[in-house]
Amino acid sequence: MDPLHAAARTPLPPDRTRLADDTVALLRRLVRTACVNDGTPDSGQELAAVRVVQAFLGTALEHPDVTAEIVEPHAGRTSLIARLRGTDPHARSLALLGHLDVVPADASRWTHPPFDADVADGEIWGRGTVDMLTLTAAMVAVFRQAVLADPRPAGDLVLAVVADEEAGGGLGVEWIMAHRPDLLAVDDALTEQGGVLLDPARADSGITLGIGEKGSAPRRVHVRGVPGHGSVPRGARNAAGIAAEIVLHVLRAPAPVTILPHWESLVHGLRLGPQTTARLLDPATLDAALPALGPLAPLGHALTRMTVSPDIVRAGEKRNVIPGSATIDLDIRVLPGQTADDVAALLAGLLAPWHDLVTVTGDQFDAGSTSPVDTALCRAITRVFRRRHPDAVPAYSIGPGGSDGRFLRPRGTHVYGFGLFSRRLGLADFRERLHGIDERVDVDSVRLTADALAELVLGGADAAGEPA
């Protein structure tokens with residue numbers, strides 16, 4: 001047995017202890033595959049991680065009730081989708097949807113190498129441990145256990161370990177849904193970012209249950225100036241300067257506040273007292289109250305409005321030529337319910353002072369999405385959380401960025417963010433480690449996630465309805 005298992009302190013039933021140990025070991029192997037996705041087609045190379053998963057599953061993939069397919073829309077950009085046939089054709093089907101790719105990491109700034117999966121102080125260090133290889137490893141381990149279980153789950157259980165989530169899913173779930181939607185035809189799905197305590201110091205803290213995510217509407221602003229000689233800048237219509245003015249204006253003029261049910265749930269779960277809670281739920285006072293959230297203030301800002309972030313600015317080609325044009329690429333994220341017309345109206349207002357100097361291009365619009373909270377699966381997740389954190393209350397939350405779940409919801413699938421983390425990793429630390437330096441997860445959280453997922457899928461509180 002790998003000696004790192006001794007670092008875990010959460011007691012588990014004997015049949016779940018092996019599952020947790022296997023999940024820890026698999027997580028470390030997945031981190032070491034270093035499937036780094038920098039956004040280019042040849043990066044990622046998730047084939048390496050798929051091979052690790054195949055080796056772990058072994059003969060489970062040969063079971064007569066399992067069908068498995070490899071999807072590879074680009075060389076090395078590989079996803080594996082396996083389906084275990086359930087015992088009841090009328091029962092709801094469930095997908096375990098985890099991605100294999102990770103974002104780049106600057107090793108020179110890390111305490112432990114980002115792809116060594118070192119274990120120190122009871123934590124596994126490495127890129128992807130939080131986003132989202134811990135849950136992916138648990139999904140693989142639970143799927144293998146489901147294949148061997150007696151009885152098997154009532155509904156079909158689908159394991160989807162996929163490529164390219166970190167670059168938008170064009171070579172992963174988006175491609176699968178466009179070309180092979182049958183592989184992910186399910187009633188329900190579990191994916192990342194759930195099960196995190198808002199304030200681990202409080203027994204009655206809220207605990208995140210992901211129900212959705214914001215959408216995306218990227219746009220490009222084209223700026224027109226007047227070129228000239230760089231030696232005579234005074235009075236020039238320098239497109240770079242105009243672009244700079246626009247960028248600063250956009251950063252200083254946030255969109256109007258919109259209060260949606262997910263924000264109300266999150267605020268109540270923070271347990272900040274009636275006065276602060278009221279201010280955070282009032283559009284007129286929310287921005288002034290955001291500092292009360294401490295390190296979660298940026299998240300609070302993002303979850304209560306459309307956000308516009310000017311992230312790429314280009315101008316000029318030669319040092320002694322005043323640029324006559326510039327572009328600003330805007331990362332725009334929209335709340336569920338907001339439309340492309342809302343984006344156009346916001347930009348028209350923001351850019352009004354420069355209306356005769358700018359043109360906006362781009363029409364991509366991926367709507368924000370949510371899943372209902374009054375479902376059997378959502379109730380089952382809450383029961384699983386409560387067994388481990390008895391006094392915690394569900395905080396229905398949405399992600400400020402995107403996940404692969406957004407491709408399934410339009411097809412009618414109920415998608416929820418899952419996981420279960422210990423009191424060593426609250427939401428503020430969780431958010432800081434996403435794509436951050438020294439990403440890591442405590443071994444207790446890995447074991448809790450594996451155990452909770454096994455209970456949800458295999459027994460105790462099944463996804464089909466009431467406690468088993």
Side-chain angles (χ1 to χ4, degrees), residues 193-217 251-309 332-339 342-343 345-346 349-350 367-375 378-379 381-382 385-386 389 391-403 409 415-417 421 426-432 434:
Q193 297 195 34
V196 185
L197 291 164
L198 304 185
D199 182 358
R202 294 187 61 118
D204 62 349
S205 166
I207 184 169
T208 60
L209 198 168
I211 62 166
E213 55 208 278
K214 294 180 76 174
S216 178
L251 292 174
R252 294 167 178 167
V257 171
T258 300
I259 303 295
L260 295 177
H262 73 268
W263 177 244
E264 295 178 356
S265 179
L266 197 68
V267 169
H268 286 298
L270 287 166
R271 307 298 199 189
L272 295 172
Q275 184 175 0
T276 302
T277 296
R279 295 180 69 215
L280 287 168
L281 295 179
D282 184 343
T285 58
L286 182 142
D287 281 340
L290 282 178
L293 300 180
L296 292 176
L299 178 64
H301 179 275
L303 295 183
T304 53
R305 74 206 71 214
M306 185 188 309
T307 56
V308 183
S309 184
I332 301 175
R333 304 298 175 118
V334 297
L335 290 168
Q338 292 180 327
T339 67
D342 293 328
V343 174
L346 179 66
L350 287 173
S369 62
T370 59
S371 296
V373 301
D374 59 342
T375 66
C378 201
R379 290 191 293 272
I381 293 171
T382 299
F385 286 172
R386 192 166 291 141
H389 297 298
D391 297 318
V393 296
Y396 302 112
S397 58
I398 69 170
S403 80
R409 286 193 188 94
V415 184
Y416 301 101
F421 294 85
L427 185 60
D429 286 337
F430 185 93
R431 298 292 317 174
E432 182 181 9
L434 282 171

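Along the sequence shown, residues carry numbers from 1. Source: prediction; values computed, not measured. As a basis for the values below, the full set of heavy atoms in this structure was taken, side chains included, without hydrogen atoms, waters or symmetry mates.
Counting only heavy atoms from C-beta outward, the side chains of Ser371 and Tyr416 approach each other to under 4.5 Å. Within the 4.5 Å cutoff, the side chain of Ile259 has heavy atoms near those of the Glu264 side chain. Side-chain contact between Tyr396 and Thr370 is absent, with no heavy-atom pair separated by less than 4.5 Å. Side chains of Leu335 and Leu260 form a contact here, defined as non-hydrogen atoms less than 4.5 Å apart. Within the 4.5 Å cutoff, the side chain of His268 has no heavy atoms near those of the Val393 side chain. Here the side chains of Leu299 and Leu427 are in contact, with some heavy-atom distance below 4.5 Å.
By the salt bridge (charged side-chain N to carboxylate O under 4.0 Å, His left out) test, Asp287 is found to be paired with Arg305, residues two or more places apart in sequence or in another chain being considered. The side-chain contact (heavy atoms from CB on, under 4.5 Å) check on Gln193 picks up Phe430, Arg431, Leu434, with sequence neighbours excluded.
Counting only distance, with no hydrogens or angles, the side chain of His262 and the backbone of Leu303 share a donor-acceptor pair below 3.5 Å. Distance alone, capped at 3.5 Å, places no donor-acceptor pair between the Ser265 side chain and the Pro261 backbone. The backbone N or O of Val196 lies less than 3.5 Å from a partner atom in the side chain of Thr208, making a donor-acceptor pair.
Annotation: the span from Gln338 atom CD to Arg333 atom CZ amounts to 13.5 Å, rounded to 0.5 Å. In this structure, Leu350 CG and Leu251 CG are separated by 10.5 Å, a value rounded to the nearest 0.5 Å. The distance from the CG atom of Asp199 to the CD1 atom of Ile207 is 12.5 Å, given to the nearest 0.5 Å.
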Distance-only donor-acceptor hits, side chain of residues 269-280, under 3.5 Å, sequence neighbours excluded:
from: Arg271; atom 1: NE; to: Asp204; atom 2: O; distance (Å): 3.0
from: Thr277; atom 1: OG1; to: Gly273; atom 2: O; distance (Å): 2.7

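The two residues Val334 and Ser216 make their nearest non-hydrogen contact at CG2-N, 4.1 Å. Heavy-atom minimum distance, Leu266 versus Ser397: CD1-CB, 4.3 Å. Between Ala392 and Leu197, the shortest heavy-atom contact is CB-CD2, 4.0 Å. Summarising the geometry of Lys214 relative to Ala302, their closest heavy-atom pair is NZ-O, 2.6 Å, with the distance given to 0.1 Å. Scanning both residues, Ala288 and Pro291, for their nearest heavy atoms gives O-CD, 3.3 Å. The two residues Ser205 and Leu198 have their closest heavy-atom pair at OG-N, 3.2 Å.
With respect to Trp263, the side-chain contact (heavy atoms from CB on, under 4.5 Å) criterion is satisfied by exactly one of Leu286, Thr258, Val257, Ile398: Leu286.
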